[in-house]
K.L.:
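Have a look at the structure that comes next, please.
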Amino acid sequence: MLPKSSFLRGFAFAGFAWAVVGTTRAETTFYQARIAPILDRHCVSCHGPEKQKAKLRLDSFEAVLRGAESGAIVKPGDARGSELFRRITLPASDDEVMPTDGKPLLSKDEIRNIELWIVGGASATKVVADFPGAPSLSRFKPAEPARAPDWRPRASEIAALEAKLHVRLIPRSQVPTDGLVLRTASSPGRCDDSALAALASVAPLIVEAELARTRVTDAGVVALAAWENLRAVDLTRTAVTSAGLAPLSRLRLLESLNLTDTAVDDTGVSALRTMPSLRRLWLHGTRVTPPAGEGG
Ligand code: HEC
């Protein structure tokens, strides 16, 4: 559990909203309204007019039902027995997962629409109203922006660094572009400035750095300031000082910074005022003067 937090007033909030547009005319078929857009977005670049990987095209109803070189990929009525469904539900690490090449996998709702369509007979004529249980897809909503480059092509390099530096680099979620979390909690005493320097090659993949109780100092913070995709940094009980914090103000995406039980004071915090995304700052046990009205 994090200790009592202190939120400094005056930091900017980055707020945004988008409109979700999702209207479907009653007469459009389920295939046209739901299935074709999913295949267009995720599959047609490799299975369409330009490329026909595995001699498979997925850019028309007829082509989908015709299947690939090796045969049918959709078995009407049987999702689990359909090669198309099997390929899109494999784990991200599986060589056979579709789409390939580290492209974002289908969302749960997209997969569910495909499943219902196959179970319902892979029909060309059924309409949206025939699938009351199908989750709606907000077709015009942009995909979640990537937080970091896909880590999967670097998996072996990441594993080697973990072994050498006694740290962990854990995917933040199942989305491979959600970035990695640097964990040191199992042996914080082994993580120091040189370990941070050694992580430079994978730094763009790291979105959170958990460095509490490590031997990181101001010199290590200079290295951290080049990790441009960082959203959260925990420096609880480290030797960082106010003098060392200024370089962190380069981190345009940093939202959360934990400085609990450090020697940081007001000068250090004022260096962070220009950070556009910073929303949470933990200063318990520091020498920073709390803003008026904030106890402790
Ligand atoms: C980046 C390129 C690429 C994308 C995008 C892609 N595929 Fe593929 N697909 C391939 C390649 C290459 C193969 C052949 C190798 C293999 O079978 O794994 C293949 C094979 C397949 C097969 C096996 C065909 C057979 O021989 O039985 C299916 C089914 C398939 N893809 C479905 C999909 C679906 C569905 C999507 C979208 C969700 C998709 N693919 C997106 C490259 C791609």
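When a ligand or atom number is given, it counts from 1 through the structure's own listing order.
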K.L.:
Other members of the hydrophobic cluster containing L105, with the 4.5 Å side-chain heavy-atom rule, please.
P.N.:
L90, V97
K.L.:
Filter the ligand 1-protein atom pairs down to N or O on both sides and distance under 3.5 Å, then list them.
P.N.:
unit_1   : atom_1 : unit_2 : atom_2 : d
ligand 1 : 7 (N)  : H47    : NE2    : 2.8
ligand 1 : 9 (N)  : H47    : NE2    : 2.9
ligand 1 : 17 (O) : R87    : NH1    : 3.3
ligand 1 : 17 (O) : R87    : NH2    : 2.9
ligand 1 : 18 (O) : R87    : NH1    : 2.9
ligand 1 : 26 (O) : S70    : OG     : 3.0
ligand 1 : 27 (O) : S70    : OG     : 2.8
ligand 1 : 31 (N) : H47    : NE2    : 3.0
ligand 1 : 40 (N) : H47    : NE2    : 2.8

K.L.:
Check L196 against A223 and note the closest heavy-atom contact, atom names and distance.
P.N.:
CB-CB, 4.4 Å
K.L.:
Taking salt bridge (charged side-chain N to carboxylate O under 4.0 Å, His left out) as the test, write out the residues that go with E228, two or more places apart.
P.N.:
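E228: no salt bridge (charged side-chain N to carboxylate O under 4.0 Å, His left out) contacts found.
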K.L.:
Mark yes or no for whether E115, through its side chain, and F85, through its backbone, hold a donor-acceptor pair below 3.5 Å.
P.N.:
no
K.L.:
Aromatic rings F30 and F131: how do their planes relate, parallel, tilted or perpendicular, breaks at 30° and 60°?
P.N.:
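Ring orientation, 0 to 90° scale: parallel.
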K.L.:
Return the set of residues passing ring pair (Phe, Tyr, Trp, His ring centres under 6.0 Å) with W227 (not counting sequence neighbours), or none when no residue passes.
P.N.:
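Result, ring pair (Phe, Tyr, Trp, His ring centres under 6.0 Å) vs W227: none returned.
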